[in-house]
*Asks:* 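There's a structure below that I have some questions on.
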2 protein chains.
Amino acid sequence: MPHGQSLVEQLRDNGLKLTPQRHLICQLIENNHDHPTVDDLYEQATAVMPSMSLKTVYTTLYELAGLGAIRLVNVGTGGFRVECNLSPHSHLVCRSCGKVMDVPVDPAEHADLSVLKEYDFEVEQREIIFRGLCGECAGRAGEGPGA
Amino acid sequence: MPHGQSLVEQLRDNGLKLTPQRHLICQLIENNHDHPTVDDLYEQATAVMPSMSLKTVYTTLYELAGLGAIRLVNVGTGGFRVECNLSPHSHLVCRSCGKVMDVPVDPAEHADLSVLKEYDFEVEQREIIFRGLCGECAGRAGEGPGA
DNA sequence: GTGGTAGTCAACAGTCGTTGTTATTTAACA
DNA sequence: TGTTAAATAACAACGACTGTTGACTACCAC
């Protein structure tokens with residue numbers, strides 16, 4: 001948990017109102033240690049609070065991301081995903097099922113390069129993505145087409 | 001140029017018909033050493049061949065990508081981009097203007113990690129993205145808001 | 001050169017993820 | 001409790017992309 005604070009505390013400390021909608025979204029995120037899509041969260045939210053608007057989910061996520069409380073990552077699987085794990089790490093992305101997994105590989109260590117100094121570019125963030133097949137999908141691909 | 005072949009040659013060698021549309025799209029790609037979006041290519045194509053359909057551009061790009069003749073990369077700037085440079089490299093992505101630049105950093109060297117072996121995941125491709133501000137945008141940001 | 005055919009195309013509507021607008025509601029604080 | 005700025009639901013609209021379909025054509029056999 002960043003700054004030792006819960007997401008709702010971070011919202012409040014930054015002058016944002018603590019509405020039931022935000023409360024619920026924060027809860028859902030904190031109980032989800034995966035990489036939910038916006039739609040995943042929207043579905044879970046409407047199950048509890050049917051009047052919840054998709055727009056509210058988007059807005060709240062952008063607010064939390066703006067505070068640095070979460071990260072929104074786009075791994076090219078269509079739509080971004082909510083990243084609750086703020087420690088430095090990289091991602092495994094399955095090209096078959098779209099699953100996203102964390103790996104404890106710090107991009108700052110593995111992609112901190114002197115060659116970049118030659119470029120007129122201010123690097124703020126490094127990102128490493130490993131694409132391929134997760135165990136499950138690789139297993140399925142290995143099976144014959146028969147049966 | 002991969003396999004020492006032009007894009008049209010690769011299409012033909014793989015049994016795909018050499019239509020004027022494909023010819024044009026291949027030409028545009030080969031003359032473009034940037035990272036055009038689908039829309040960029042579509043605009044350039046319709047300038048020459050006004051009847052060209054956006055769908056045809058998409059289809060042709062997917063075909064070329066399927067042959068490994070080009071790569072379609074998604075760097076989170078909305079829509080994918082056509083990557084003509086097939087040599088191993090990484091990308092600088094400006095968070096302000098969305099510009100994408102190549103850097104000669106081979107992901108296989110800088111992100112080839114033994115820790116991955118512990119994961120049930122078949123890595124096929126590695127990708128490093130450096131996000132930040134390009135020189136131009138950093139310059140603009142540095143200026144005061146006045147004047 | 002001609003004819004047949006599989007492959008390809010343009011057109012267009014539809015999907016998906018995301019955002020803008022606005023009238024209404026509400027959390028926070030005096 | 002009243003006030004007010006902020007947040008919300010509803011809904012239409014957008015950009016990127018895809019499915020469908022009937023018309024067209026590059027290619028091959030002759």
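Just so we're on the same page: letters track the sequence lines, and every chain starts at 1.
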*Asks:* Of the candidate nucleotides D:dC17, C:dG7, D:dA9, which contains the atom at the shortest distance from the side chain of B:K17?
*Replies:*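 So the nucleotide nearest the side chain must be C:dG7.
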
*Asks:* To the nearest Å, how far apart are A:D40 CG and C:dG17 P?
*Replies:*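 Atom-to-atom, A:D40 to C:dG17, this comes out as 10 Å.
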
*Asks:* From CG of A:L72 over to P of C:dG17, roughly how many Å is that when rounded to an integer?
*Replies:* 16 Å

*Asks:* Should B:V73 and B:H91 be marked as a side-chain contact (heavy atoms from CB on, under 4.5 Å) after you check the CA-CA gap, both sets of side-chain angles, and the distance that decides it?
*Replies:* CA-CA 10 Å; B:V73 299; B:H91 291 116; 4.2 Å; yes

*Asks:* Would you please confirm or rule out a distance under 4.0 Å between OP1 or OP2 of C:dA10 and any side-chain N or O of B:Q21?
*Replies:* yes

*Asks:* When you measure from the side chain of B:T56, which nucleotide among C:dT18, C:dC9, D:dA7 comes out closest?
*Replies:*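 For B:T56, the side-chain atoms sit closest to C:dC9.
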
*Asks:* What's the closest nucleotide to the side chain of A:R22 if the choices are C:dT18, D:dA7, D:dA9?
*Replies:*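 For the A:R22 side chain, the nearest candidate turns out to be D:dA7.
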
*Asks:* Roughly how many Å is it from CE in B:M49 to C1' in C:dC9, rounded to a whole number?
*Replies:*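 One finds 11 Å between C1' of C:dC9 and CE of B:M49, rounded.
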
*Asks:* Side chain of A:S53: nearest nucleotide among D:dC17, C:dA10, D:dA10?
*Replies:*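 Side chain of A:S53 sits closest to D:dA10.
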
*Asks:* Say whether A:H89 and A:E83, considering side chains only, have a donor N or O and an acceptor N or O under 3.5 Å apart.
*Replies:* yes

*Asks:* Assign A:P20 to base, sugar-phosphate, or nothing according to its heavy-atom contacts below 4.0 angstrom with the strands shown.
*Replies:*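 Since only primed, P, OP1 and OP2 atoms lie under 4.0 Å of A:P20, the category is sugar-phosphate.
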
*Asks:* Between atom CG in A:N14 and atom C1' in D:dA6, what is the gap in whole Å?
*Replies:*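 From A:N14 CG to D:dA6 C1': 15 Å.
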
*Asks:* From the set D:dC17, C:dT8, C:dA28, return the single nucleotide nearest to any side-chain atom of A:L18.
*Replies:* C:dA28

*Asks:* As a quick check of understanding, evaluate side-chain contact (heavy atoms from CB on, under 4.5 Å) for A:T59 and A:E63, giving each step before the final call.
*Replies:* CA-CA 6 Å; A:T59 307; A:E63 284 162 352; 3.7 Å; yes

*Asks:* Just N and O in the side chain of A:T19: are any of them under 4.0 Å from OP1 or OP2 of D:dA6?
*Replies:* no

*Asks:* With a 4.0 Å limit, can you tell me whether A:S51 has a side-chain N or O closer than that to the phosphate oxygens OP1/OP2 of D:dA9?
*Replies:* yes

*Asks:* In whole angstrom, give the distance that lies between atom CZ of B:F80 and atom C1' of D:dA16.
*Replies:*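 Between C1' of D:dA16 and CZ of B:F80: 9 Å.
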
*Asks:* Whole angstroms only, please: what is the CG-P distance between B:D39 and D:dT18?
*Replies:*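 After rounding, the reported distance stands at 14 Å.
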
*Asks:* With a 4.0 Å cutoff (strictly under), does any side-chain N or O of B:Y62 reach OP1 or OP2 of D:dT18?
*Replies:*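 Yes.
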
*Asks:* Starting at CG of A:L54 and ending at P of C:dG20, how long is that distance when rounded to a whole Å?
*Replies:*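 Rounded to the whole Å, the gap is 14 Å.
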
*Asks:* Rounded to whole Å, please give me the gap between OH in A:Y58 and P in D:dA9.
*Replies:*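 In whole Å, D:dA9 P lies 15 Å from A:Y58 OH.
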
*Asks:* Tell whether B:K55 reaches the base of C:dA11 with its side chain through a donor-acceptor pair below 3.5 angstrom.
*Replies:*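 Such a pair does not exist between side chain and base.
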
*Asks:* Let me see the working for A:T60 and A:Q21 under side-chain contact (heavy atoms from CB on, under 4.5 Å), right down to the final yes or no.
*Replies:* CA-CA 9 Å; A:T60 305; A:Q21 289 87 344; 5.8 Å; no

*Asks:* Do A:N85 and A:H35 get their side chains close enough for a donor-acceptor pair, meaning under 3.5 Å?
*Replies:* no

